[in-house]
Amino acid sequence: DGGITQSPKYLFRKEGQNVTLSCEQNLNHDAMYWYRQDPGQGLRLIYYSQIVNDFQKGDIAEGYSVSREKKESFPLTVTSAQKNPTAFYLCASSAPTGPQPQHFGDGTRLSIL
Amino acid sequence: QKEVEQDPGPLSVPEGAIVSLNCTYSNSAFQYFMWYRQYSRKGPELLMYTYSSGNKEDGRFTAQVDKSSKYISLFIRDSQPSDSATYLCAMGSSNTGKLIFGQGTTLQVKP
């Protein structure tokens, strides 16, 4: 079945450690997105990519990095510079940007040890 | 002022009730509007997508958009316990391609 796969489902980070969240899609979508979800705050955009080898910062990019080497993959690294990383991270994809709905994975919950 | 405002609830209704979920927005450039449903520990799933003012119906769900008032609604008829979830409105414009989400409204439908 076509969809978006995020892994792992749960992740724990030690102080000073970088961690990478995986996002893979087989929908043949050009655009991919990373969001952070905190209780009562909806979804906030971290980074997005419209095509391979190109990406743009969203509203809360500080402390995060991404790469887009393949169309189907858009990993997110939470660096040690992100001082409050505990959150639910959601990856999404859509057909070329514009009035297209985004389809989401089932998220990764990141916590600090 | 946030671009999109949504009452976070929680909203609790008896089974069979009609539910109304609402969002207001301030950016007149928004052209397309969506409603997502999110179950606990899951990603949001698209419920409704509309690109114009007026009503769009899909089974028990009706999405309503009033661009002149910058107001959108989602109505759920004959609500079921399985409708218990968080509902997120989202909207965007074709010139950016990004979506702006509301905070989400948590709904509980009691049997």
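Naming convention: chains lettered A, B, ... in sequence-line order (proteins, then strands); numbering from 1 in each chain. Because the structure is a prediction, the values reported are computed rather than measured.
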Open item on the list: Check this for me, if you would: do A/Arg36 and A/Asp38 make a salt bridge, where the nitrogen-to-carboxylate-oxygen distance has to be below 4.0 angstrom?
Closed with: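 Answer for the salt bridge query: yes.
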
- [ ] Using a strict 4.0 Å threshold on nitrogen-to-oxygen distance, state whether B/Glu57 and B/Arg77 make a salt bridge.
- [x]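 Yes, this pair counts.
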
Task: Aromatic A/Tyr10 / basic A/Arg109 pairing, under 6.0 angstrom, 45° off normal - done: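 Cation-pi check for A/Arg109 and A/Tyr10: fails.
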
TODO: Considering non-hydrogen atoms only, spot the tightest contact between A/Asn26 and A/Gly3 and give its length.
DONE: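 So the two residues come closest at OD1-N, 2.5 Å.
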
Task: Backbone of A/Glu62 reached by a side-chain donor or acceptor of A/Gln82 within 3.5 Å - done: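 A pair under 3.5 Å: yes.
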
Open item on the list: Quick check on the interface: out of A/Leu90, A/Asp59, A/Leu43, who has the most heavy-atom pairs with chain B under 4.5 Å?
Closed with: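 Going by pairs under 4.5 Å, I would pick A/Leu43.
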
If I measure from the heavy atoms of chain A, does [X] come under 4.5 Å with its side chain, its backbone, both, or neither?
{"X": "B/Tyr36", "result": "side chain"}
{"X": "B/Leu88", "result": "side chain"}
{"X": "B/Gln38", "result": "side chain"}

Task: Option that, when pairs with chain A are counted at under 4.5 Å, heavy atom only, ranks first among B/Leu46, B/Leu99, B/Thr86 - done: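 When all of B/Leu46, B/Leu99, B/Thr86 are compared, B/Leu99 has the most.
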
Task: Proximal component of A/Gln37, with respect to chain B [non-hydrogen, under 4.5 Å] - done: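 Only the side chain of A/Gln37 comes within 4.5 Å of chain B.
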
- [ ] Check whether A/Leu45 gets within reach of chain B through its side chain, its backbone, both or neither, counting any heavy atom under 4.5 Å.
- [x]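 For A/Leu45, the side chain is the part near chain B, not the backbone.
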
Open item on the list: Parallel, tilted or perpendicular, judged at 30° and 60°: which one describes the rings of A/Phe74 and A/Trp34?
Closed with: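 If you compare the ring of A/Phe74 with that of A/Trp34, the planes turn out tilted.
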
